J.: 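Quick one: this structure, given as structure tokens, is what I'll be asking you about.
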Amino acid sequence: MAFLPRNISIRTKMLAAYALLVVCLAILGANAYLTIANMDVGLNRLSTATLPKQLLVSRLKDKAVAAHVGIFRYVSWASNGVDPALLDGVSKDVFSDIDASSELLSELAGRKDLFAAERDRIRMLRRKWTEYEQVARDTIDVGSVDAPMATMMLGMVDDEFKVVGENLDSFFLHVADETRSFTGILADEASARKRLLVIGGLLAVGVSLFVALVLSKSIVGPIRAITNLMQDVSSGKLDVEIVDSGRKDEIGRMVRAVAAFRKTIERDNRLLRAREEELRLRNMHFDAALKNMSQGLNMWDANARLMLSNQRYFDMYRIPPGAIPVGMSFEELIAYRKWMGVDYGDVKAFTAKIMAALERGEAISHYVETDDGRVINVINRPMPGGGWVATHDDVTERHRAEEKISLMARQDALTSLANRSTFLEEIEGAFSRLKERAEPFAVFVLDLDQFKAVNDTLGHPVGDALLTAVGERLRDCAGASDTVARFGGDEFAILQATDGGAQRETAERLAKDILNAVNGPYLIDGNEVVITTSIGIATAPEDGEDPDQILKNADLALYKSKSEGRKGYRFFDPVMAAEMRSRRALAADLGEALAFEQIDLHYQPITDLGTGSTCGLEALARWNHPVHGRISPVTFIALAEETGMILELGRWLLRKACADAVTLPEHIKMAVNLSPVQFRDPNLFQVIEATLARTGLAPERLEVEITESVLLQQNRENLATLHALRDLGASVVLDDFGTGYSSLTYLQEFPFDKIKIDRSFVSQVHSNTDCAAIVKAVTGLARALKVTTVAEGVEAPAQLDFLQAAGCHQAQGYLFSRPVPLAELDFSLAGRERPWTGRANTA
Amino acid sequence: MLCTIFRLLAALFILAPAVCQASEYGTKQEAVDMVKRVIERFDRDGGEKTFAAVTDQSTPEFHDRDLYPFIYDLNGVNVAHGARPALVGKNLLKLKDQDGKYLIQEMIDIARGEPGHGWVDYKWPNPINNKIEDKSSYIERMGDYFVGVGVYRF
């Protein structure tokens with residue numbers, strides 16, 4: 001339809017068409033209604049007004065004629081002398097007819113639907129009728145007595161009746177005429193409306209046909225085409241041609257929608273293919289992961305039905321294939337596994353517990369032990385959207401490792417004895433038993449004397465074997481209810497439970513047993529090793545109220561035992577604590593001593609036995625305590641070593657000694673003791689070098705005295721330092737030779753310039769043949785190694801003689817001079833032949 | 001019965017004039033005289049008594065053979081009738097005789113006109129035989145009325 005705009009929407013078109021139809025129908029309906037209403041009014045009027053009027057007039061005429069005829073009959077009968085009774089009847093009839101006519105006339109006049117003209121006519125009619133009635137009555141009246149006169153009067157009556165009749169006819173004609181004209185108008189109107197109805201109906205039919213035609217052509221056709229397109233597209237035929245005619249109404253929109261729909265489907269198809277591929281790959285990966293994962297896996301759906309299990313799961317539990325099919329319920333599976341021998345307890349209770357946790361959204365795990373002793377950790381993790389995944393992890397190794405670790409946490413790995421923390425727990429337990437049952441106990445703390453030397457000389461494997469052996473012996477000595485622990489290194493501890501007797505005696509017995517047992521020789525890898533131990537003992541409740549205190553006190557007792565020469569045991573004594581306190585106080589004082597120059601250096605000359613003259617000096621520190629007076633070097637040097645103050649003290653001492661040495665004759669060498677602790681200072685060599693440079697002392701004039709223990713610890717680094725010193729030009733002297741664990745290997749390890757024979761040998765050269773032998777052996781050895789020997793602590797001329805005889809090169813001691821301040825040194829004695837005179841001088 | 005009475009009365013009237021007068025029928029002069037007597041009586045006694053006397057059959061001065069007076073008002077209403085008392089009170093304005101003559105209207109026309117008296121010829125039942133005969137009546141106005149007396153045999 002070219003004239004139907006395509007850009008107006010179908011809705012608007014339909015609405016317009018329907019509106020047009022409605023207008024047509026409304027006009028038709030209104031017309032029909034008006035027609036019928038008019039007819040209704042007309043018929044109503046006919047039936048209620050016009051016809052009744054005509055009827056009335058007709059009846060009136062009948063009555064009037066009847067009356068009129070009656071009058072004539074009466075007068076006629078009266079003239080002929082009829083029986084007065086009959087006449088009376090006639091006159092009554094006449095009067096009743098007259099009355100009836102009058103009434104009808106009144107009724108006619110009283111009608112409300114009269115027109116003005118009708119009213120006038122009726123008024124006239126009534127007047128005429130009244131006149132007629134008067135005349136009629138007069139005539140009857142006269143007739144009753146005077147018939148001839150009444151006959152005379154009949155003409156008059158007839159005249160009047162004629163007038164009445166004329167009027168009546170006229171009125172009747174008028175009414176009839178009115179009815180006729182009225183019905184004629186109605187008929188005209190009806191026929192006019194009939195024409196209108198026919199034309200309107202035809203118009204409505206035409207409009208309907210037109211609209212239907214237009215709609216079918218402009219809507220139904222395109223829609224059918226679009227429907228075919230949609231069928232094609234939805235059946236997958238996407239290559240159909242979709243022509244967009246550019247219409248802007250619903251049809252145009254539908255065409256574009258179909259085009260867009262096709263595009264969407266094409267895109268979706270592409271996406272779907274891509275996603276299928278992705279899914280396939282993912283499934284492949286998932287399969288591969290399931291097959292290759294180290295864990296067994298079950299997947300359960302929201303109804304607790306098995307969805308899948310991997311092969312590993314079946315292998316792990318040696319479940320025959322097919323025994324656990326997909327779709328099996330969780331409870332059935334657990335029941336089956338229980339039948340297979342896994343201890344799940346009550347199946348229902350077990351599954352209920354798992355399900356409850358999963359419903360809370362929590363993962364829940366449990367361990368399953370297989371009949372071949374493996375431990376499987378099963379973790380049930382809820383999946384989003386219901387169901388869960390159970391993973392089965394073989395944790396046998398981990399389980400064992402954990403068990404081992406927990407054991408190790410309590411045990412010393414080397415000896416399998418209790419470790420420190422376990423031991424502390426045991427002491428705690430002992431304290432609670434003490435509180436509850438008043439059971440006393442004793443705590444032993446032990447360490448091996450010179451264990452480090454064993455380690456260093458024989459190697460760590462031997463050291464470890466020795467520790468293990470010591471542990472076994474301790475274990476043997478201790479009672480069944482006693483706890484033996486190793487704290488690490490060569491430190492051991494024993495918690496001795498009561499045997500019902502006096503704790504101190506019980507402890508003493510054990511201490512002696514231990515000394516006997518531990519101090520015996522060991523045969524390790526073919527080496528016979530001798531070791532001694534020192535023991536500190538504290539007893540509860542006397543020596544402590546808590547584990548820390550009692551251990552500390554036992555340590556104090558051990559310290560005391562060691563400081564008293566080892567190889568023994570000591571019970572804790574409150575005095576020890578006091579001593580410890582005073583040592584601490586002294587250590588604090590020592591810090592100040594350096595600052596306030598309470599420490600001074602004294603020098604003990606070293607005499608060359610060949611020339612008899614002083615060839616060197618040994619620098620020795622002296623501390624004049626403001627309260628306690630002179631403090632023994634043994635005490636405060638040890639204190640300085642313990643507190644680490646030895647580093648500062650050592651530097652100061654070195655600096656002072658070097659500075660003093662510069663002021664002395666050039667042939668005098670200066671010997672300075674270096675503590676093993678000082679060797680922990682990595683800058684020791686640099687310090688010495690710098691000190692020499694600063695003081696201007698030639699390195700050749702410096703002698704460094706060390707003890708064997710320097711070589712016992714950190715051997716490599718210390719040897720390097722010593723070599724460096726030697727390379728610098730300084731001499732290195734081995735002090736206190738023979739006292740320590742000492743071995744001749746040290747002499748081989750480092751080319752010492754000088755060996756100092758310990759005063760303990762020198763003092764006994766005459767009373768102890770062993771000592772004499774040792775001195776001789778040492779001097780001989782030194783001579784063979786071309787190492788200078790010096791003896792210390794020479795106090796008697798006989799000792800000097802022996803030493804000279806043994807071939808000792810140098811000597812020092814009170815025989816020559818006690819250590820003196822720098823100012824008191826006197827080198828004038830150089831070349832004196834009898835050194836003891838010097839002793840006399842100083843005495 | 002009424003016929004019988006009328007006949008008796010007629011016999012009396014016939015007998016009386018026969019005694020007094022020689023003629024069987026009244027003359028026009030006698031009619032005029034009777035009118036004059038009525039007017040005289042009317043003037044003397046007034047309407048009421050005159051009308052009663054006229055209507056009363058036993059009043060001899062107003063009843064003489066076929067002569068009798070009749071009085072109408074000017075609207076045609078009979079107020080007194082010497083022969084047919086039934087007519088008293090009736091409006092006979094539109095009364096016609098057999099020839100279709102409106103006799104009362106003519107009488108009123110004469111009474112209203114000049115000189116107020118005259119003659120009217122018409123047909124009227126004769127009271128003696130009750131036959132309709134030609135009649136000629138003298139009419140004369142009398143106040144608001146007119147009075148007439150007619151003769152049959154003229």
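In this text, all values refer to a predicted model and were calculated from it rather than measured experimentally. Throughout, a chain's letter reflects where its sequence line sits, starting with A, and its residues are numbered from 1.
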J.: Given heavy-atom pairs under 4.5 angstrom as the criterion, report whether the side chain, backbone, both or neither of B/Asp97 touches chain A.
T.: both
J.: Check whether A/Asp138 gets within reach of chain B through its side chain, its backbone, both or neither, counting any heavy atom under 4.5 Å.
T.: both
J.: Which bit of A/Gln134 comes within less than 4.5 Å of chain B, counting heavy atoms only: side chain, backbone, both or neither?
T.: neither
J.: For the atom pair CD (A/Glu131) and NZ (B/Lys94), what is the distance rounded to the nearest 0.5 Å?
T.: 4.0 Å
J.: Taking B/Lys96, B/Gln98, B/Lys131, B/Lys123 one by one, which has the highest count of heavy-atom pairs under 4.5 Å against chain A?
T.: B/Lys96
J.: Quick one: do B/Leu92 and A/Met153 satisfy side-chain contact (heavy atoms from CB on, under 4.5 Å)? Show the steps, please.
T.: CA-CA 8 Å; B/Leu92 301 171; A/Met153 287 170 78; 3.8 Å; yes
J.: Please determine whether side-chain contact (heavy atoms from CB on, under 4.5 Å) holds for the pair A/Met149 and B/Trp124, giving the CA-CA distance in whole Å, both sets of side-chain angles, and the decisive distance to 0.1 Å.
T.: CA-CA 8 Å; A/Met149 193 58 230; B/Trp124 192 264; 3.2 Å; yes
J.: Surrounding CD of B/Glu48 (heavy atoms of other residues, nucleotides or ligands, distance under 6.0 Å), is the total greater than 12?
T.: no
J.: If every non-hydrogen atom of B/Ala86 is compared with every non-hydrogen atom of A/Val142, which pair is closest and at what distance?
T.: O-CG2, 3.9 Å
J.: Quick one: does B/Arg84's side chain get under 4.5 Å of A/Val145's, heavy atoms only?
T.: no
J.: Can you tell which part of B/Ile104 gets under 4.5 Å to a heavy atom of chain A, answering side chain, backbone, both or neither?
T.: neither
J.: Crowded around A/Asp169 CG? As in, over 12 foreign heavy atoms under 6.0 Å?
T.: yes
J.: To the nearest 0.5 Å, how far apart are CG in B/Leu95 and CE in A/Met152?
T.: 4.5 Å
